[in-house]
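Right, one structure below, let's go through it.
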Amino acid sequence: METEKLELKVAVEEIGRVKAFLSSLVGHADMNDRLTARLFLVVEEAVANVINYSGASAMTLKAWHEDDGLKISVADDGIPFDPTHYPPPNLNVPGEERQEGGLGIHYIRTMASGVAYRRESGNNILTLSF
C-alpha cells in the first residue's frame, strides 16, 4: 500500500470523509472486525479532538503500512498538544464526579497498539499504530 493522504477542513462535517477514508484502508489491510472497530474509534476520536479543541485551520490524515502493521498520522496546525503526556482519567470515580476531559485520549492510548507524538514545522503529528 502506498501512502494514502486525506486533506480535511477542521469541521464536524468532515467525519463522513474520515469514515470513507478508513473504510478504503480496511479494504487493503488484513484486519479482523475487532481491530477495524478499534481503528475507527481511535482515529475518529483523534480527529474529533482536533476539531473541538485545537484551534487548527487545517488537518491531514496519512496512512501507510510498515512491517509491524498499519500506521495512521493525524496532523494539524493547532496549538501544541501532546496527548501522550496527558494524565489518564481516574476511572475509579463515578462519571458524574470525574474531572471532565481525557476519556477520548484514554481510548486512543489503550486501543491503538502504539501512539507517538511530535511537533514539527508548527504542526502536531499524532501517529497511531494498529
Find out whether [X] and [Y] are in side-chain contact, i.e. whether some heavy atom of one side chain is under 4.5 Å from a heavy atom of the other.
X: Val18; Y: Leu22; value: yes
X: Lys62; Y: Glu4; value: no
X: Val26; Y: Phe40; value: yes

Inset, instruction - Can you establish whether the number of heavy atoms outside Glu2 located under 6.0 Å from its atom CD is more than 12? - result: no

Legend entry - side-chain contact (heavy atoms from CB on, under 4.5 Å) between Phe81 and Ile105, intermediate numbers included: CA-CA 12 Å; Phe81 180 72; Ile105 293 169; 3.6 Å; yes

Legend entry - Summary of salt bridge (Lys or Arg N to Asp or Glu O under 4.0 Å) pairs that have at least one residue in residues 32-41, sequence neighbours excluded: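 Qualifying pairs: none.
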
Legend entry - Pairwise salt bridge (Lys or Arg N to Asp or Glu O under 4.0 Å) hits with a residue in residues 114-130, at least two apart: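 Non-adjacent pairs meeting salt bridge (Lys or Arg N to Asp or Glu O under 4.0 Å): Arg118-Glu120.
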
Legend entry - Joint cluster assignment, Ile125 & Tyr86, ILVMFWY side-chain distance < 4.5 Å: no

Inset, instruction - Going by the side-chain contact (heavy atoms from CB on, under 4.5 Å) test, name the single residue among Val42, Thr127, Leu126, Val43 that passes it with Ile72. - result: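 With Ile72 as partner, side-chain contact (heavy atoms from CB on, under 4.5 Å) holds for just one option, Val43.
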
List the atom pairs, donor and acceptor, that lie under 3.5 Å between side-chain atoms in residues 45-52 and the rest of the protein, sequence neighbours left out.
residue, atom, partner, partner atom, Å
Asn52, ND2, Ala48, O, 3.0

Non-neighbouring partners of [X] that pass side chain to side chain donor-acceptor pair (under 3.5 Å), sequence neighbours left out:
X: Asp82; result: Thr84, His85
X: Thr60; result: Glu7
X: Ser129; result: Lys71

Inset, instruction - Ignoring hydrogens and angles, state whether a donor on the side chain of Asn124 or Asp76 is under 3.5 Å from an acceptor on the partner side chain. - result: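 On atom types as modelled, these side chains qualify, holding a pair under 3.5 Å.
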
